[in-house]
Amino acid sequence: MRDAERTKLRSVCRSTAIRRRATDSWIWPWRTARLLARRCLLKEKFMLELVVRTRNGQVMHLEAESGLSVMEIIRNAGIDEMLALCGGCCSCATCHVRVDEEFESRLPSMSEDESELLNGSGHRIATSRLSCQLVLNDAMSGLRVTIAPED
Ligand code: FES
């Protein structure tokens with residue numbers, strides 16, 4: 001079984017177990033159990049996927065909520081090869097990623113600041129972006145990025 005399938009299965013099992021616990025237990029008042037179950041279902045429905053290829057070629061399938069930047073999702077997952085020194089202020093270019101061509105049209109347009117910072121990188125290619133400037137939304141779910149080589 002691939003890592004992605006295993007991760008997805010684990011996620012579904014976890015939320016199903018929570019849902020079952022919330023609805024089956026006689027301790028929970030009916031209304032509270034229903035609210036908890038609905039929250040679990042909503043969370044499951046609105047989790048987005050980000051696929052990250054690290055510098056050593058490892059592919060990781062991450063789940064994240066909408067509204068977080070790609071850089072934040074990568075850091076929250078414990079991938080420490082991305083420095084992101086400025087914390088997302090668009091002033092360091094250490095969060096450089098290469099986006100899969102298939103997703104280019106779904107990304108927000110690049111600002112002048114972002115483009116200038118990327119020009120300073122010796123590893124810039126046509127699909128290069130700063131991951132702190134890419135805020136994940138529904139249209140971008142399944143986004144595939146590769147962490148660029150270090151400058
Ligand atoms: S974290 Fe510094 S530019 Fe993205």
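First listed ligand is number 1; within each ligand, the first listed atom is number 1. Values below: every heavy atom of this structure, side chains too, minus hydrogens, waters and symmetry copies.
Heavy-atom minimum distance, Thr94 versus Met82: O-CG, 3.7 Å.
Asp151 contributes a side-chain N or O that, together with a main-chain N or O of Gly122, makes up a donor-acceptor pair within less than 3.5 Å.
Checking Cys132 against atom 4 (Fe) of ligand 1, an N/O/S atom falls under the 2.8 Å cut-off. Coordination check, Cys95 versus atom 2 (Fe) of ligand 1: failed, since every N/O/S atom of the residue sits at 2.8 Å or beyond. Residue contact annotation: Cys89 places no N/O/S atom under 2.8 Å from atom 2 (Fe) of ligand 1.
Interface atoms of ligand 1 facing Ala84, defined by a heavy-atom separation under 4.0 Å, are 1 (S). For ligand 1, the atoms sitting less than 4.0 Å from at least one non-hydrogen atom of Ser91 are 3 (S), numbered in the order shown with element in parentheses. Every atom of ligand 1 is numbered from 1 in the order shown, and the set under 4.0 Å from a heavy atom of Cys86 is 1 (S), 2 (Fe), 3 (S). Listed by atom number, the atoms of ligand 1 under 4.0 Å from Gly88 heavy atoms are 1 (S).
Residue contacts with ligand 1, taken as heavy atom pairs separated by less than 4.0 Å, do not involve Ser131 at all. Contact annotation for Cys90 and ligand 1: only backbone heavy atoms (N, CA, C, O) come within less than 4.0 Å of the ligand.
When side chains are defined from C-beta on, Met47 counts as touching Glu65, because their heavy atoms get closer than 4.5 Å. A 4.5 Å side-chain heavy-atom check between Asp100 and Val51 finds every atom pair outside the cut-off.
Met110 CE to Glu104 CD: the interatomic distance, rounded to the nearest 0.5 Å, is 8.5 Å. Arg129 contributes atom CZ, which lies 10.5 Å from atom SG of Cys95 (distance to the nearest 0.5 angstrom). To the nearest 0.5 angstrom, Leu117 atom CG is 12.5 Å from Ser128 atom OG.
Counting only heavy atoms of the protein, atom 3 (S) of ligand 1 lies nearest to Ala93 N, 3.3 Å.
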